[in-house]
Amino acid sequence: MKNTAPFCSLVCLVAAPLWAGAQNLDAVVNGEISGLVDTYKGIHEHPELSHHEEHTAALLAGELRKSGFTVIERVGKYPDGTQAYGIVAVMQNGPGPKLLIRADMDALPIVEETGVAYASRVKAKNAAGQEVGVMHACGHDVHVTTMIGTARALAATKGKWHGTAMLIGQPSEETIDGAKALLADHLYDRFGTPDIAIALHDTNTRAAGTVSITSGPALTSSTSIDVTLRGIGGHGAQPQLAKDPIVMAGEFIVQLQTVVSRQENPRDPAIVTIGDIHGGTKRNIIPNEVKMELTARAYSDEARRIIVEGIRRTAQGVALSAGVPEDLAPIVTVLDAESTPVMYNDPALTARVRAALVKALGAQNVIDEEAGTASEDFGILGLEGRKIPTVMFGLGAMDPAKFAAARAAGKLLPGPHNSRFEPLPEPTLRTGVKAMSSVAIALLQK
Ligand SMILES: [Zn+2]
Ligand SMILES: [Zn+2]
């Protein structure tokens with residue numbers, strides 16, 4: 001994907017470091033905020049799809065380098081051998097813990113409809129070769145800009161922390177193969193294994209100026225599953241000679257609802273969604289097969305296991321009752337490459353992060369949040385068995401006045417993955433930089 005405007009024009013807008021030598025976080029943030037807002041608007045206007053974060057990564061790498069970090073670019077390897085646009089930026093500041101901070105960089109195939117002056121008009125080809133609009137509809141531009149601000153804050157407050165800050169610009173979160181690509185490229189062998197890992201995600205469920213945090217399971221695992229129900233095609237007028245996979249699909253969809261409602265523990269919730277179904281070519285032809293794409297979400301490995309086995313069993317049962325021969329049994333494929341584990345916020349680390357947030361922002365601005373049902377690949381950086389404690393906290397991104405008005409009407413403003421998702425730049429970035437820097441300083445102690 002090509003960008004029409006060079007990113008260097010944005011880099012040039014960054015203000016001179018007014019805070020040079022400052023050790024006070026508020027002074028650093030005050031000195032940086034207007035430049036960061038300009039940087040954010042530039043990134044927002046030039047979004048790049050997953051696997052194509054070339055200019056965003058280059059901008060982030062350049063900014064982190066200017067802050068004194070040692071930066072390595074093009075980190076990450078996809079299963080097809082392609083090199084990713086991940087970046088790793090390291091600043092060593094004496095003995096102490098090694099802290100990983102992650103910001104994801106990719107945008108979504110959505111035509112922006114916010115109407116803001118800095119709205120994206122970018123078009124690009126998706127993986128299927130179709131032209132799509134591109135928008136930072138998940139606010140990863142907020143994450144990248146917050147990381148730039150955090151890097152400057154850490155560089156300016158080196159007297160307040162000890163250890164190693166390892167900043168990761170992660171590609172391809174939306175396609176959930178970015179964190180895996182970093183590990184496949186030996187991230188920790190090359191740059192050392194962190195002791196702890198943190199990240200933030202902006203949200204429409206909270207107003208700008210606030211942050212939110214959940215202890216324990218915070219976001220569900222997401223498992224992608226393909227189901228193909230195979231039958232025997234034939235003339236629509238002679239169903240007795242066929243095995244109709246469309247009827248089987250109907251039964252499968254209805255029966256599947258009982259996996260969650262009757263086989264799964266109601267105290268350990270799960271979700272199954274069939275988002276895509278294809279079968280048939282013409283009204284009077286019984287097709288040979290119906291293909292479905294499913295996602296299953298769960299907070300525990302046990303719920304995930306029950307759901308996946310339930311999907312498999314339901315498909316087999318439906319085929320059996322339709323009299324489908326064994327050699328045409330349903331094909332149920334779990335796509336590991338498109339699946340993510342639970343986003344688990346380590347309770348002990350969550351308590352430390354929460355305390356740092358309260359100290360920085362005030363207790364009234366730190367909200368204890370219920371677990372959400374979206375998914376994230378950040379947890380993958382915590383490794384199998386949750387070897388590295390991880391925490392992701394929420395960053396309120398909505399205009400406080402609009403947020404309050406919507407809330408009074410019992411509504412929420414448009415959120416991530418919506419063409420009208422509109423973070424309010426100034427207070428969101430100010431809070432993001434202050435929150436992430438304060439947490440980093442609190443965790444980077446001997
Ligand atoms: Zn997203
Ligand atoms: Zn996101």
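Order of appearance sets the numbers: ligands from 1, and atoms from 1 within every ligand. These numbers come from a predicted model, not from an experiment.
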Ignoring hydrogens and angles, state whether a donor on the side chain of His44 or Glu112 is under 3.5 Å from an acceptor on the partner side chain.
yes
The N/O/S atom of His201 lying closest to the Zn ion (ligand 2) is NE2
What's the spacing between Asp301 CG and Ser221 OG if we round to 0.5 Å?
7.0 Å
Do Asn93 and His162 meet the criterion of a side-chain donor-acceptor pair at a distance under 3.5 Å?
no
The Zn ion (ligand 1): protein N, O or S atoms that are less than 2.8 Å away, sorted by chain:
Cys138 SG, Glu174 OE1, Glu174 OE2, His417 NE2
Any luck finding a side-chain donor-acceptor pair between Ser300 and Asp268 under 3.5 Å?
yes
For the residue pair His52 and Asp106, confirm or rule out a side-chain donor-acceptor distance under 3.5 Å.
no
Ignoring hydrogens and geometry beyond distance, is a side-chain donor-acceptor pair present between Lys125 and Gln130 at under 3.5 Å?
no
